[in-house]
A.B. asks: 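Here it is: the structure, laid out below.
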Protein chains: 2
Amino acid sequence: MRVPRRVRALDPQQLGAYFVLMEVSSILRHAVEQHLRADGDLSYVQFQILAGLSGSATGSQRMTALADSVVYSRSGLTYQADLLEARGLISRSPAPDDERSIIVNITEAGRALVSRVLPGHVEVVSRLLLEPLSRKDLEVLTRLLAPVRDHMRTTPPRSAAPRRRNKAAPDG
Amino acid sequence: MRVPRRVRALDPQQLGAYFVLMEVSSILRHAVEQHLRADGDLSYVQFQILAGLSGSATGSQRMTALADSVVYSRSGLTYQADLLEARGLISRSPAPDDERSIIVNITEAGRALVSRVLPGHVEVVSRLLLEPLSRKDLEVLTRLLAPVRDHMRTTPPRSAAPRRRNKAAPDG
DNA sequence: TATTGTTATACTCTATAACTATA
DNA sequence: TATAGTTATAGAGTATAACAATA
């Protein structure tokens, strides 16, 4: 099993790109998480859920759609949704067209919290990530990473449990 | 308190760069973590510790140096070091010049595990991150992110507990 | 039979504070 | 008094598997 052919070590350039990406994103995420916790008592995932809902036209989404976009397991989303609902930041109601599904709605309190937290969030991102980058840099960075994102979205996890609703091909 | 001046919302270009960076790094980290767990029963932090040690000339480092480079709290590093030591992957011995300090050494078993896990690690990184990027892209990406990393390293967390060994300025 | 979502559960990781020992 | 590291403890987050209800 596990026959990884052609796995030469990474050369310094490849290693460098990988490392700097991981370090930058780690520090940024850590800083963002600290701010969200301090300022709104929110985890990053919770903020993603609220922000995603408040950004959507209807302010609502199916649980599965949320799980796919935000979190890696359904039970994890249920856990987070329970917390958000207990705080009155979202509400859940059955979907009219498919009674198995649950529609998650952001409440006024949820929108208010997002609005309250957003400035600080923006401030952290601006200070840490955006400050050293010119407009041109941002454009180039996005142009480089967007294909990687698309590639990642379509590349199957291979030995991992499928993130979407596929049947599980046993392994490999 | 908390007077964030000039926090306009991010424009689409800034948002796009931020989002794509976070999504790419999240997926990559998740995939890497799954591989390390499946292939070597290692967390990402544990791998970082081992890889850092095996990369260093002496195969050893002080606990504090490791904590600074890898983890955000000292107790967190102690926890991970306990696990690694229990598996015989590292050893700890008092530093000769400063008896408060502990020198962490990677063992032969530790090096062996890194060697065993590395090909799969490289494979995951190559497949997910590197594949859609040309050599030129890698160079540009690193050139863009390296200053961000340096900026982040020197930017104080502001409202967060200092990551290094500074005195804690109460807040703000 | 497959899918949506929840529940029960177990486990990993992280952080804070108190503590010991050395500088 | 400050620093290095450990310990005790508590809490958050995640995943797996079993489950209920609907398609």
Side-chain angles (χ1 to χ4, degrees), chain A residues 26 29-30 33-34 36-38 40-49 61-68 70-87 90-104 157 160-168, chain B residues 26 29-31 33-34 36-38 40-49 61-68 70-87 90-104 157 160-168 170:
Chain A
S26 286
R29 170 126 182 190
H30 194 257
E33 282 178 345
Q34 286 215 297
L36 290 172
R37 179 64 66 192
D41 196 25
L42 288 173
S43 71
Y44 186 70
V45 171
Q46 288 165 4
F47 175 74
Q48 279 184 297
I49 293 171
Q61 265 191 295
R62 276 200 173 72
M63 287 289 281
T64 298
L66 280 178
D68 280 352
V70 150
V71 106
Y72 294 107
S73 74
R74 286 156 202 268
S75 65
L77 176 60
T78 296
Y79 170 78
Q80 297 294 348
D82 285 348
L83 295 181
L84 292 174
E85 191 173 38
R87 291 171 63 184
I90 63 169
S91 65
R92 277 181 284 194
S93 49
D97 58 322
D98 183 341
E99 300 215 1
R100 293 173 303 181
S101 294
I102 298 283
I103 301 277
V104 180
R163 287 209 338 273
R164 304 184 70 81
R165 54 274 159 82
N166 302 336
K167 287 300 292 295
Chain B
S26 287
R29 170 128 182 189
H30 194 257
E33 282 178 345
Q34 285 214 297
L36 290 173
R37 179 64 66 191
D41 196 25
L42 288 173
S43 70
Y44 186 70
V45 171
Q46 288 165 3
F47 175 74
Q48 278 184 297
I49 294 172
Q61 263 190 297
R62 276 201 172 73
M63 286 289 281
T64 298
L66 280 178
D68 280 352
V70 151
V71 105
Y72 292 107
S73 74
R74 286 156 203 271
S75 64
L77 176 59
T78 296
Y79 169 77
Q80 297 292 349
D82 285 348
L83 295 181
L84 292 174
E85 192 173 38
R87 291 172 64 184
I90 63 169
S91 65
R92 278 180 284 193
S93 49
D97 58 320
D98 184 339
E99 300 213 3
R100 295 172 303 181
S101 292
I102 299 282
I103 301 277
V104 180
R163 285 210 341 270
R164 302 185 69 81
R165 52 274 160 83
N166 301 336
K167 287 298 294 293

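Every chain is numbered from 1, with letters handed out A, B, ... down the list of sequences.
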A.B. asks: Kindly indicate whether the side chain of S73(A) and the base of dT16(D) share any N or O donor-acceptor pair separated by less than 3.5 Å?
C.D. replies: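 Between dT16(D) and S73(A), which were checked side chain against base, a qualifying N/O pair under 3.5 Å is absent.
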
A.B. asks: Side chain of D98(A) only, heavy atoms from C-beta on: which candidate in dT22(D), dT6(C), dG13(D) is closest?
C.D. replies: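 In terms of side-chain proximity for D98(A), the closest of dT22(D), dT6(C), dG13(D) is dT22(D).
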
A.B. asks: Send over the distance from I102(A) CD1 to dA23(D) P, rounded to a whole Å.
C.D. replies: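 I102(A) atom CD1 is separated from dA23(D) atom P by 12 Å.
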
A.B. asks: Could you pick out which residue, L77(B) or Y79(A), lies toward the 5' side of DNA chain D when each is mapped onto its nearest nucleotide?
C.D. replies: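 Looking at DNA chain D, the more 5' nearest nucleotide goes with L77(B).
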
A.B. asks: So which nucleotide from dT14(D), dT22(C), dT6(C) ends up closest to the side chain of R100(B)?
C.D. replies: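 Per side-chain heavy atoms of R100(B), the pick is dT22(C).
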
A.B. asks: Can you tell which of dT14(D), dT14(C), dT6(C) lies closest to the side chain of Q80(A)?
C.D. replies: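 Side chain of Q80(A) sits closest to dT14(D).
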
A.B. asks: Over how many whole Å does the gap from F47(B) atom CZ to dC13(C) atom C1' extend?
C.D. replies: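 Rounded to the whole Å, the gap is 19 Å.
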
A.B. asks: Is there a side-chain contact between L84(A) and L42(A) in this structure, where contact means two heavy atoms from C-beta onward sitting under 4.5 Å apart?
C.D. replies: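 In contact.
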
A.B. asks: Does OP1 or OP2 of dC13(C) have a side-chain N or O of H30(A) closer than 4.0 Å?
C.D. replies: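 For dC13(C), OP1/OP2 do not have a side-chain N/O of H30(A) under 4.0 Å.
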
A.B. asks: Kindly say whether R92(A) contributes a backbone atom to a donor-acceptor pair with the side chain of E85(A) at under 3.5 angstrom?
C.D. replies: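 Yes: the side chain of E85(A) pairs with the backbone of R92(A).
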
A.B. asks: Just N and O in the side chain of R74(A): are any of them under 4.0 Å from OP1 or OP2 of dT4(C)?
C.D. replies: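 Yes, within the criterion.
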
A.B. asks: Roughly, in whole Å, what's the span from CD in Q61(A) to P in dT4(C)?
C.D. replies: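 To the nearest whole Å, that distance equals 14 Å.
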
A.B. asks: Roughly, in whole Å, what's the span from CD in Q48(B) to C1' in dT14(C)?
C.D. replies: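 After rounding, the gap between these two atoms is 14 Å.
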
A.B. asks: In terms of the nearest nucleotide of DNA chain C, which residue is placed more toward the 5' end: M63(A) or Q46(B)?
C.D. replies: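 Result of the comparison: M63(A).
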
A.B. asks: Does S75(B) or L83(B) map to a spot on DNA chain C nearer the 5' end, using the closest nucleotide for each?
C.D. replies: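 Upstream on the strand: L83(B).
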
A.B. asks: Once you round it to whole Å, what is the distance between C1' of dC13(C) and CG of L36(B)?
C.D. replies: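 Whole-Å distance recorded here is 15 Å.
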
A.B. asks: Tell me the interatomic distance from I49(B), atom CD1, to dC13(C), atom C1', rounded to whole angstroms.
C.D. replies: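 Those two atoms, CD1 and C1', are 12 Å apart.
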
A.B. asks: Take D97(A) and R62(A) through the test salt bridge (charged side-chain N to carboxylate O under 4.0 Å, His left out) and record every step on the way to the result.
C.D. replies: CA-CA 12 Å; D97(A) 58 322; R62(A) 276 200 173 72; 2.9 Å; yes

A.B. asks: Looking at L36(B), V70(B), L83(B), which hits side-chain contact (heavy atoms from CB on, under 4.5 Å) with Q46(B)?
C.D. replies: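 It is L83(B); the other options fail the test.
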
A.B. asks: Test E33(B) against R29(B) for salt bridge (charged side-chain N to carboxylate O under 4.0 Å, His left out), laying out the working first.
C.D. replies: CA-CA 6 Å; E33(B) 282 178 345; R29(B) 170 128 182 189; 3.0 Å; yes

A.B. asks: Output the rounded distance in Å from CZ (R62(A)) to C1' (dT3(C)).
C.D. replies: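 Distance check: R62(A) CZ to dT3(C) C1' gives 12 Å.
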
A.B. asks: Can you find a side chain N or O atom of R37(B) that sits less than 4.0 Å from OP1 or OP2 on dC13(C)?
C.D. replies: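 R37(B) to dC13(C) OP1/OP2: side-chain N or O found under 4.0 Å.
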
A.B. asks: In whole Å, I'd like the distance from the CD atom of Q34(B) to the C1' atom of dT14(D).
C.D. replies: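 Going from CD in Q34(B) over to C1' in dT14(D) covers 11 Å.
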
